[in-house]
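Naming: A, B, ... by sequence-line order, numbering from 1 per chain. Note: hydrogens, waters and symmetry copies are ignored here, and every other heavy atom, side chains too, is used.
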Amino acid sequence: MSVVRQRGRESAGYVFDCAVAGAGLMGCGTALHLARAGMRVAVLDRGAICREASGVNAGTLTMQMTRAALMPYALRAHEMWMRLPEWCDGGDVLAESRPGLSVAFTAHEAAMLEERARIRSKAGAPVELVSAGRAMEIEPGLTDRVLLASHCPVDGFASAYLTGRAFRPALLNAGVALFEGRAVRGVVRDAHGFTLETAAGPLRARRLVLAGGAWLEEMVGWLGVRLPIRTLINQLIVTERMRPVMHTVLGVASGLLSLKQFANGTVLIGGGWQGIGDRSRGALAVRAENLQGNVRLAAHAIPALRDARVVRAWLGVDAETADGLPAIGPVPGVPDAWMIGAVRSGYACGPYMGKLLAQAVLGDQPELPLFPVDRLLAREVA
Amino acid sequence: MTVAYDVAVLGAGPAGMAAATEAARRGARTVLLEENPQAGGQVYRAPPPGFFAPPDAERRAGDALRAALATSGAEIRTGHRVWGLGGGPLVPAGDPPAPFRIDALPSEGAPVTLEARALVLCAGTHERVIPFPGWTLPGVIGLAAATILLKAQGVLPGRRVVVAGAGPLLYAVAAKLVKGGAEVAAVADLAGRSEWARALPALAARPDLLARGAAWRAALASRSVPVLASHRVVAAEGGQVLERVRIAPLGGGDGEAFDCDALCIGHGLVPATEATRVFRAAHRYDRASGGWVPVLDADRRTSVPLLYVAGDAGGVRGAAAAPASGRLAALAALADLGVIGGKAHARARWRPWIEHWRAARSGGAMARMMAMRPALVSAIPAETVVCRCEGVTRAEIEAALDDGAADMNQLKQFTRCGMGPCQGRVCGEAAAELVAARVGGREHAGFATGRLPLRPLPMEALLGAFDYADIPVPAPSPV
């Protein structure tokens, strides 16, 4: 069903400056910055642009579910999202800045909330603890069963399904050769740099960026590196359009709820509840008990959701390293090969991460440190 | 609540009634789920309690199937809207296939979850309506929707009605309207006389259908209803509601306006594949069968073990062919479950197999007449809304295709086409044809991934009564 769509030049023997395997947000962002810096870049994907996690995630641009270590990155990425059309040739994901609330319903959750707010605040997020009463002023749709809340004015959301459409014209304008429906089967290191094996023939490049999301483990395996990546199958649920019932981005202390209402009236319910699937079969099926658990938590927080109708549930494949921090940096032991992925809150941080890695690939000092994977390989040996 | 059945049958049309009857009679613990208050399906729909409808051939055939079902021993759960499906192959990696799980919402009482070892899907079809200017005006309804109004409620869709589209339903609806006292302003048939003539040999095996068709036509002729062959509806016009319909020859030309207060229009039937898509069964595009259909063997097995499809959901062959396909599916399920032996299966299957083969021939000829006509899609004006849930026009779809959308899932993401409450059931055919025109056919355009719920689900039903402490919130991720 996949259609090979080739843009840009390619002839036998042509050598790109850089080949990016994986046309998700990380790969597209990296490729865009590389191409604008003058490199001749090819992006390859087995499917369509941003069709996996980058196009099916909840679009949450929150600091309150983001790991503390990523806070400086997420804050910078938030600004990039809000200004996306300016730097992405008009590409738009309808990003909106909204206040964010994370709430606690029990004493145990309140303690967790306090601790997490303190850690995130120390990491640079403008998070403050607020009373239940204040939380209900910020979010009138909120239940009165809240004990404590943390408030962060820097939050928001985007419509993730628009990501591919937003990035595609910018990539083409920048001269990126975009090969959708062209799966990379393996990579060989050779005199030119790298030869990527594909069904439509080999593709050569001096540098390589692996940006395969949950499939990063297989990709670095082509280069003889073993990096275990855990697969998550995140479920999402969306309602029909309904009257305005909330305007914040709402979560809970544990991080297992993310709730927002889009301008069109639909309410998106997520939080990382797990469905059924794996890397080989993809995201396969909703787990019924998790569907129910997730919507119960949502309706507990925003009682008006009881009047909604669920129109669709879907799933996406997310990736995580052993320590839950990103894999962004050189592929160990392979000169000119890089990887980017496994970023929890990857959508929120994505645009900035691509910009950082592009700086490193171009030979510049990245503005903020990367996340080299040597730490994970060392643990393997130990 | 979980109950284990041998066989669950979804949909109590002719295929589902026959499948459940066959399975239960042969000793399988069988449950039949149906959204409507009574078994029957669209063609053999029973009138609601308290309504009298004079018995005709369809009523008698439906009553016979209902009577057999009633004494078969199958558990009949009418008024049950199935919204969730799971189990079977949809299990974590390394797990053996699970029993099928069916989540349903009864018209009264708490939601139910059932389990069955084998699942027979008899979901029928939905109607294809290719958009044209004015198609969303009040007063414009589907041909199939019109038959439901006429059969189940005895309600006329209007006083002066235009009937348009393709297939036998066109004449059935027009004749029923006349009989019910409505004035039929015109019948606009997409098919030409030669197309009907080509279908005749396949219909020759069914003199009953031919006679009925002739009677419909005679009823129209006696009222001097204009029947326009090779004509299409160019536009429905009116202020707040429908006031007139513009009809023109397929070859072009200005055509003619007919004043009316209702337009019944249908461009064929599309097999309902929501459930087989959810189970990731193999599908193929078969224009003559109505569109994407699950890949089936001669005994109605899908590519997913213990999952079967009977009736029009497996490819449009009509109500007459449906019961035999239902019996074939049930027999295959019983053989695969070991409820009947291989020899018993071989003995039992040949009769429904031949019956199905015979009936499918005439049904197939009608299905071809109701197949997708790409010319209707290319005639959609740029500013006409294609996806009415999300208000997406043809121009917006074409712009997304210009931007690189190359299959149905991508079109959905680029435009929201098919993301609304109907989940693409209304707009999907036209949208897919627009994609297909760019990417080299419907096979390349593909179809939207199957998603739950199968129908919009009231949150209340999913929530039930609960305590916060009982929500199984997973362990928090690290900060």
Side-chain angles (χ1 to χ4, degrees), chain A residues 1-3 5 48-51 55 67-68 105-106 112 115-116 119-120 145 161-162 164-165 168-169 180-181 239-241 252-256 264 272-274 276 278 280-281 284-293 295-297 299-300 305-314 324 344, chain B residues 83-87 89-95 101 103 113 278-280 389-390 400 403-407 409-410 412-416 419-421 423 439-440 443-447 449 451-453 456-464 466 468-479:
Chain A
M1 193 174 313
S2 62
V3 179
R5 281 170 291 166
I49 184 170
C50 295
R51 262 298 294 153
R67 292 201 67 177
F105 298 113
T106 66
M112 195 191 317
E115 190 205 3
R116 292 184 161 215
I119 294 171
R120 289 200 170 102
R145 286 175 285 201
Y161 53 81
L162 292 172
R165 192 172 192 187
R168 205 170 185 279
E180 292 172 84
T239 71
E240 279 182 355
R241 293 165 189 242
V252 293
S254 64
L256 284 140
N264 65 12
W273 293 64
Q274 294 296 291
I276 298 167
D278 48 73
S280 58
R281 297 179 302 169
L284 206 58
V286 165
R287 212 182 268 275
E289 64 272 24
N290 284 354
L291 184 71
Q292 186 182 55
V295 298
R296 282 182 166 177
L297 190 52
H300 186 76
L305 285 176
R306 276 201 172 263
D307 304 333
R309 288 206 302 173
V310 172
V311 72
R312 184 172 66 257
W314 71 98
R344 297 302 309 280
Chain B
W83 65 266
L85 291 171
L90 306 180
V91 291
D95 282 13
R101 196 197 72 242
D103 302 300
T113 296
V278 163
F279 284 113
R280 304 288 194 270
C389 297
E390 297 292 330
D403 277 358
D407 65 34
N409 277 319
Q410 216 176 358
K412 186 172 161 183
Q413 289 199 308
F414 280 24
T415 61
R416 290 190 62 85
M419 271 195 197
Q423 288 291 289
V439 300
E443 288 84 355
H444 293 294
F447 49 78
T449 307
R451 299 291 184 202
L452 298 182
L457 177 67
M459 190 77 96
E460 195 71 49
L462 198 52
L463 291 170
F466 67 94
Y468 178 67
D470 297 333
I471 302 176
V473 181
S477 48
V479 63

What part of [X] lies closer than 4.5 angstrom to a heavy atom of chain B: side chain, backbone, both or neither?
X: A/Ile276; result: side chain
X: A/Ser280; result: neither
X: A/Leu256; result: side chain
X: A/Leu305; result: both

Are any non-hydrogen side-chain atoms of [X] and [Y] less than 4.5 angstrom apart?
X: A/Trp314; Y: B/Leu452; answer: no
X: A/Val310; Y: B/Trp83; answer: no
X: A/Arg168; Y: B/Asp403; answer: no
X: A/Arg306; Y: B/Glu460; answer: yes

### Message
With a 4.5 angstrom heavy-atom cut-off, is it the side chain or the backbone of B/Ala400 that approaches chain A, or both, or neither?
### Response
both

### Message
Using heavy-atom distances under 4.5 Å, tell me whether B/Gln423 contacts chain A through its side chain, its backbone, both, or neither.
### Response
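Contact with chain A is through the side chain of B/Gln423 alone.
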
Roughly how far, to the nearest 0.5 Å, is the [atom2] atom of [Y] from the [atom1] atom of [X]?
X: B/Leu463; Y: A/Gln292; atom1: CG; atom2: CD; answer: 7.5 Å
X: A/Arg287; Y: B/Leu90; atom1: CZ; atom2: CG; answer: 11.5 Å
X: A/Arg241; Y: B/Glu390; atom1: CZ; atom2: CD; answer: 4.0 Å
X: A/Arg51; Y: B/Asn409; atom1: CZ; atom2: CG; answer: 4.0 Å
X: B/Leu457; Y: A/Leu291; atom1: CG; atom2: CG; answer: 8.0 Å
X: A/Tyr161; Y: B/Lys412; atom1: OH; atom2: NZ; answer: 11.5 Å

### Message
If we ignore hydrogens and angles and just use 3.5 Å, is the side chain of A/Arg312 paired with the main-chain N or O of B/Met419 as donor and acceptor?
### Response
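The answer is yes, because a donor-acceptor pair under 3.5 Å joins these two groups.
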
### Query
Does the B/Gln410 side chain pair with the main chain of A/Ala48, one donor and one acceptor, at a distance under 3.5 Å?
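Here the side-chain-to-backbone pair does not exist.
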
Name the member of [options] that forms the most heavy-atom pairs with chain A at distances under 4.5 Å.
options: B/Pro458, B/Pro472, B/Pro453; result: B/Pro453
options: B/Ala461, B/Gly440, B/Pro92; result: B/Pro92
options: B/Ser477, B/Gly420, B/Pro474; result: B/Pro474
options: B/Thr415, B/Val473, B/Asp103, B/Thr449; result: B/Val473

Under a 4.5 Å heavy-atom cutoff, which of [options] has the most pairs with chain B?
options: A/Glu115, A/Arg296, A/Arg67; result: A/Arg296
options: A/His300, A/Arg165, A/Arg309; result: A/Arg165
options: A/Val252, A/Asn264, A/Asp307; result: A/Asn264

Between [X] and [Y], which heavy-atom pair has the shortest distance, and what is it?
X: A/Arg281; Y: B/Val91; answer: NH2-O, 2.6 Å
X: B/Gln413; Y: A/Cys50; answer: OE1-O, 3.8 Å
X: B/Pro476; Y: A/Ser254; answer: CB-O, 3.5 Å
X: B/Arg451; Y: A/Ala313; answer: CD-O, 3.4 Å

